Amino acid sequence: MNFSFPHNWPRTKREAYIIQKEAADKISLLPDIDTPKLIAAVDTAYGYGGETVYASAVVTTFPEIEEIERFSRFGPVKFPYVPGLLFFREGPVILEALAGLQHEPDIIIVHGHGIAHPHGCGMASHIGVLCDKPTIGCCRKLLNSGYHRPVQTQKGSFQPVLFKGKEVGIAYRSKDNVKPIFISPGYKCSMEQARDIIIRNLRGYRLPEPLRLAHLSANTFKRYIEKKQNSHHLR
DNA sequence: GCGACAG
DNA sequence: ATCTTGTCGC
């Protein structure tokens, strides 16, 4: 992928909130495309001790969902985990993984929130703004910025997630009797399109297949690097 | 002031 | 997220 990489990364929460606000003002939820042909998904894994973050970007075809490319990068963690500021912790390495992709995806699924976020700008939205590429946020928990009515236990059931009187996402039951997942538009994507694409990318697991592949890839990459570093260290 | 809080 | 063993259930 080709996009301009951010140069100034915040070192404090205060600086991060300012940057996040600037990104929030650039969010558009007008759909950019209709049916995607290529979908990218990104996820991370943390190294032993938690001082290194590994990120993988996987590209799959749609609607077949066959992996055609993956690219991984790792680097030192430079920002603490602060709920609501996940982008500043994982974003740097995720963007490097995306930048290394040869194929140009039509939309990106991010393991995190889109607009279902205290300031309306979760990691998925922030990544979309920087790449100028449609994004969808998909994860397993809600931040304290949304609530929903109970979701029926059958797969396919869902409830809107509301925050400050607005629908910011949906709680979706992707498997019978398994806790719902949370879907929210990130950037250049509507609520309906976000839901439709995630649903059509489910393959029997709680999370959509592209995200599951990215998760597995990040962990495989992590074990590969850590093993290599261990053997190199024993000389 | 306290609690809740993606990964 | 990570560390960590067994264990309950489909």
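From a predicted model like this one, the values you see are computed outputs, not experimental measurements. The chains referred to below are lettered A, B, ... by the order of the sequence lines, with proteins before strands, and numbering in each begins at 1.
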Practice item. Can you tell me the distance, in whole Å, between the OH atom of A:Tyr17 and the P atom of B:dC5? Key: 15 Å
Practice item. Please work out if A:Phe182 contacts a base, only the sugar-phosphate, or nothing of the nucleic acid, heavy-atom cut-off 4.0 Å. Key: nothing
Check your understanding: Between A:Arg212 and A:Glu209, is the closest basic N to carboxylate O distance under 4.0 Å?
Key -> yes
Exercise for review: Indicate whether A:Tyr81 forms a stack on B:dG7; treat it as stacked only if centroid distance is below 5.5 angstrom and interplanar angle below 30 degrees.
Suggested key: yes
Review point. Roughly how far, to the nearest 0.5 Å, is the CD1 atom of A:Ile108 from the CG atom of A:Leu211?
Key: 12.0 Å
Review point. A:Arg89 has a side chain; which of B:dA4, B:dG7, C:dT2 sits nearest to it?
Key: B:dG7
Review point. When we call it a touch if two heavy atoms are under 4.0 Å apart, what does A:Ile181 touch: a base, just sugar-phosphate, or nothing?
Key: nothing
Exercise for review: Calculate the interatomic distance between A:Asn219 atom CG and C:dC3 atom P; express it in whole Å.
Suggested key: 10 Å
**Study point:** A:Asp32 with A:Lys133: basic N within carboxylate O range, under 4.0 Å
**Key:** no
Revision key, fill the gap. From CG of A:Leu142 across to P of B:dA4 the rounded distance in Å is 15 Å
Check your understanding: So which heavy atom on A:His111 is nearest to which on A:Met123, and how close?
Key -> O-CE, 3.6 Å
Check your understanding: With under 30° as parallel and over 60° as perpendicular, where do the rings of A:Phe182 and A:His113 fit, or are they tilted in between?
Key -> tilted
Check your understanding: When you measure from the side chain of A:His111, which nucleotide among B:dC5, B:dG7, C:dT2 comes out closest?
Key -> B:dG7
Study note, to complete from the structure: Which of B:dC5, B:dA6, B:dG7 is nearest the side chain of A:Asn144? It is B:dC5
Practice item. May I have the distance from A:Asp43 (atom CG) to B:dA6 (atom P), rounded to whole angstrom? Key: 15 Å
Check your understanding: Which whole-number value in Å describes the distance from A:Gln20 CD to B:dA6 P?
Key -> 14 Å
**Study point:** Whole-Å gap separating C1' (B:dG7) and CD1 (A:Ile109)
**Key:** 17 Å
Revision key, fill the gap. Here the distance between atom C1' of B:dA6 and atom CZ of A:Phe88, to the nearest Å, is 14 Å
Review point. Between B:dA6, C:dT2, B:dG7, which nucleotide has the shortest distance from any of its atoms to the side chain of A:His117?
Key: B:dA6
Practice item. Mind calculating the distance between NZ (A:Lys179) and C1' (B:dA6) to the nearest angstrom? Key: 13 Å
Practice item. Give one of base, sugar-phosphate or nothing for A:Gly84, where a contact means two heavy atoms less than 4.0 Å apart. Key: base
Review point. Contact class for A:Asp176 (heavy atom, under 4.0 Å): base, sugar-phosphate, or nothing?
Key: nothing
Check your understanding: For A:Lys222, which contact category applies under a 4.0 Å heavy-atom criterion: base, sugar-phosphate, or nothing?
Key -> sugar-phosphate
